[in-house]
Amino acid sequence: MATTEAVAPTDFIRSIVEEDLRTGKFAGRVQTRFPPEPNGYLHIGHAKAISIDFGIAQDYGGQCNLRFDDTNPVKEEEEFVDAIQNDIRWLGYDWGDRLFYASDYFEQLYQWAVQLIKDGQAYVDSLSPDQVKEHRGAFGTPGVESPYRNRSVAENLDLFERMRAGEFPDGAHVLRAKIDMTSGNMNLRDPVMYRILHATHHRTGDAWCIYPMYDFAHGQSDSIERVTYSLCDVAYEEHRPLYDWFLDQLGIFHPQQLEFARLNLTHTILSKRYLARLVREGHVRGWDDPRMPTLAGLRRRGYTPEAIRDFMNRVGVAKSPTTVEIALLEHCLRQDLNLRAPRVMAVLDPLRVVIENYPVDQVEEVAAENNPEDPGMGSRRLPFSRVLYIERDDFREAPPKKWFRLSPGAEVRLKHAYFITCREVVKDESGEVVELRCTYDPESRGGSTPDGRRVKGTLHWVSAGHAAPAEVRMYDHLFTKPDPSDVPEGQDFTVNLNPNSLQVLTGCLVEPGLAGQAPGSRYQFLRQGYYCLDPDSTPEKLVFNQSVTLRDSWAKIEKANE
RNA sequence: UCGGGGAUAGUUUAAUCGGCAAAACAUCUGACUCUGGAUCAGAAAUUCGGGGUUCGAAUCCCUGUCCCCGAGCCA
């Protein structure tokens, strides 16, 4: 099978790694980590970080750890720990036995905090949250020092110990680093290192009632794990001076933080908060709704890990804030599935066809290749009979220009079967076409005739007596605008929600072999697109999700004719 | 207002030391086809502006503009 991952990634981070490898900066070691907070589901934006963190380790013979950044017990849940691991594995990455938690390091972090207090680099502040905020100052103006800033080391030690012992209520005190209240970088204006939180932690239970802040936990966790490259979002670029400061004050192993731009995609949103709102307000059916950009949603939609990895390689790694067209993601899926998905025939909007000159009770089997891109995928046999269904959209009573499909008097090929000619159009009282009376050419079996006559159109079909009923869920972009946040004054992104992002087709008919297949199975519905069997399927009714359409040049012609 | 980061076809990225600006996606043509699919061939399209250095600048210097991020006891 041809590989779909042909693009060799090259980027500024890899250049730095290669340079370090040359100069021996980290003794030839490449160690990265992926540090999710277990407070939500992973989405395709995270997949970019995963692909970079694991991909770079892989490329240079290093390792990537999985570390849950679980320093805030009030936001984090065990449920997400499992879901996140599942998603990363599904994407195709492996952290071996290196599954860690920032909470594994709580005791060490505490000892380091004590060390900084003893060194006069940290102090217990007893200002209220509002006062801390006031003292911090604004962008243009310097902050002012807390009156508690110059407490003695002994008093700080005593207070901090008692904070740990649970003597104070939430918010009564914090431990802050003593840096510079006048810094232009807000992160350096005596950042909070520890806060009091009488909350049960998903792993440490009630062992702690003080918890370290991200800035005091992340770099040291990296250091403990001997991470060489701590790769993160550009949002953390302004935190780097602080990341470096703690490591330097502590005098411990110093990983290098490097920042890259996070992924944005057109026609969707990638903010955990907004995604949660879509779920909460019922705009989608859940976190794994096939319209969601979550990995769970993409998986259910029929996306392959290969397509997503290929996409990440094509998107590249840089620092400028950018928005990738969702068309590229869709292209990657098509390209992958074109090579791997078995072709099947499915009629979404059935129109009855009776072959008048075909024997009433006869059923024969025609051979159908499973994938013209890969003969190794073999072939199957399909039942053909006198009564069939074709796609309603494949017939026009008054055909437009360049119409290759069926119309009164026209001859087309039924894929893998016979040529048929439309003789008569049957309508009901309201004038709707309900049936086509056709004849077939017995000589055309297999799709060609002895006289070598050509037909322009080839249609998919199913045999009425054999087809399996199905529901097909058709999807379109979640948002109508490329940038969902482009809204009129006073409104929010929900006004750009696409009312037609889900269209449920019932009464579809698919070829018989599809019954009983495993949920998650992916197919190409011939001439239509790629579809994936949904877990909602039952023995009575198959349910398919449309993953992505095929490129449709007729749609373009039709549009141009308008 | 201050600090940090960024700017190359419509989009995302390349361009080794200062040496012919390129690829993919998207768009448009055409060929081919038992999927109006796939494939193939082709077209159009790019260095944020203004100065400067240089034989030569996307790259170096000066200057301006625009965009993103930052004032959680969130990560």
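In this text, all values refer to a predicted model and were calculated from it rather than measured experimentally. In what follows, chains are A, B, ... by sequence order, proteins preceding strands, each numbered from 1.
Protein atom CD of A:Q528 is 14 Å distant from nucleotide atom P of B:A38, rounded to whole Å. Between the CE atom of A:M377 and the P atom of B:U35 there is a distance of 17 Å, rounded to whole Å. In this structure, A:F12 places its CZ atom 13 Å from C1' of B:U13, rounding to the nearest Å. The interatomic distance linking A:E330 (CD) with B:U27 (P) rounds to 11 Å, in whole Å. Remark: P of B:G37 and CG of A:L459 are 14 Å apart, rounded to the nearest angstrom. Atom CD in A:Q524 sits roughly 14 Å away from atom C1' in B:U39 (whole-Å rounding).
Residue A:R454 is in sugar-phosphate contact alone, with no base atom involved, counting any heavy-atom pair closer than 4.0 Å across all strands shown. The residue A:T323 sits close only to the backbone: its heavy atoms come under 4.0 Å of sugar-phosphate atoms, none of a base.
In terms of the ring pair (Phe, Tyr, Trp, His ring centres under 6.0 Å) criterion, residue partners of A:Y274 (sequence neighbours excluded) are, by chain and number, A:F493. Taking the salt bridge (Lys or Arg N to Asp or Glu O under 4.0 Å) definition, one finds that A:D53 meets it with nothing, sequence neighbours left out. A:E369 is linked by a salt bridge (Lys or Arg N to Asp or Glu O under 4.0 Å) to nothing, counting only residues two or more places apart in sequence or in another chain. By the salt bridge (Lys or Arg N to Asp or Glu O under 4.0 Å) test, A:R454 is found to be paired with no residue, residues two or more places apart in sequence or in another chain being considered. Remark: A:T323 engages A:N264, A:T266 in a side-chain contact (heavy atoms from CB on, under 4.5 Å) (not counting sequence neighbours). Annotation: salt bridge (Lys or Arg N to Asp or Glu O under 4.0 Å) contacts of A:R149 (sequence neighbours excluded): A:E145, A:D190.
Cation-pi geometry between A:R33 and A:F100 is not satisfied (NZ or CZ under 6.0 Å from the ring centre, within 45° of the ring normal).
Only the C1' atoms considered, B:U63 is 26 Å distant from B:C55, to the nearest whole Å. A distance of about 22 Å separates the P atoms of B:U11 and B:A43, rounded to the whole Å. If you take atom C1' in B:C66 and the same atom in B:A14, they sit 24 Å apart, rounded to whole Å. Here, B:A38 and B:A75 have their P atoms 47 Å apart, quoted to the whole Å. Separating the P atom of B:G10 from that of B:U47 is a span of 9 Å, rounded to the nearest Å.
Both A:N185 and A:A417 sit near RNA chain B, but only A:N185 has its closest nucleotide nearer the 5' end.
Using a cut-off of 4.0 Å between Lys/Arg side-chain N and Asp/Glu carboxylate O, A:D130 and A:K133 are scored as not salt-bridged.
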>> Just to be sure I follow the notation: if a pair is Watson-Crick (purine N1 to pyrimidine N3 plus N6-O4 or O6-N4) or a G-U wobble (N1-O2 and O6-N3), each under 3.5 Å, what dot-bracket string does RNA chain B give, with | for pairs to another strand?
In response: .((((((..((((.....[..)))).(((((.......)))))....(((((..]....))))))))))).....

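Sorted by first then second residue, the salt bridge (Lys or Arg N to Asp or Glu O under 4.0 Å) pairs that include residues 166-182 of chain A, not counting sequence neighbours, are A:D125-A:R176, A:R162-A:E167. Residue pairs that meet the salt bridge (Lys or Arg N to Asp or Glu O under 4.0 Å) test with at least one member in residues 255-274 of chain A, sequence neighbours left out, are A:D233-A:R262, A:R240-A:E259, A:E259-A:K319.
Between A:F106 and the choices A:W112, A:Y101, A:Y211, A:Y194, the ring-ring contact (aromatic ring centres under 6.0 Å, His included) rule is met once, by A:Y211.
With hydrogens and angles ignored, no donor-acceptor pair under 3.5 angstrom links the side chain of A:E237 to the base of B:G6.
With values rounded to the nearest 0.5 angstrom, A:W403 atom CH2 is found 9.5 Å from A:F395 atom CZ.
Applying the 90° criterion around 0 to the glycosidic angle, B:G72 comes out syn.
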Output a table of nitrogen or oxygen pairs between the protein and nucleotides 45-49 of chain B separated by less than 3.5 Å.
none

Might you list the N or O atoms of the protein lying below 3.5 Å from N or O atoms in nucleotides 20-26 of chain B, with each pair's distance?
residue, atom, partner, partner atom, Å
B:A24, O2', A:R314, NH1, 2.8

>> Can you build the contact string for nucleotides 65-75 of chain B? Use B for base contact, S for sugar-phosphate-only contact, and - for no protein heavy atom under 4.0 Å.
In response: -----BBSBSB

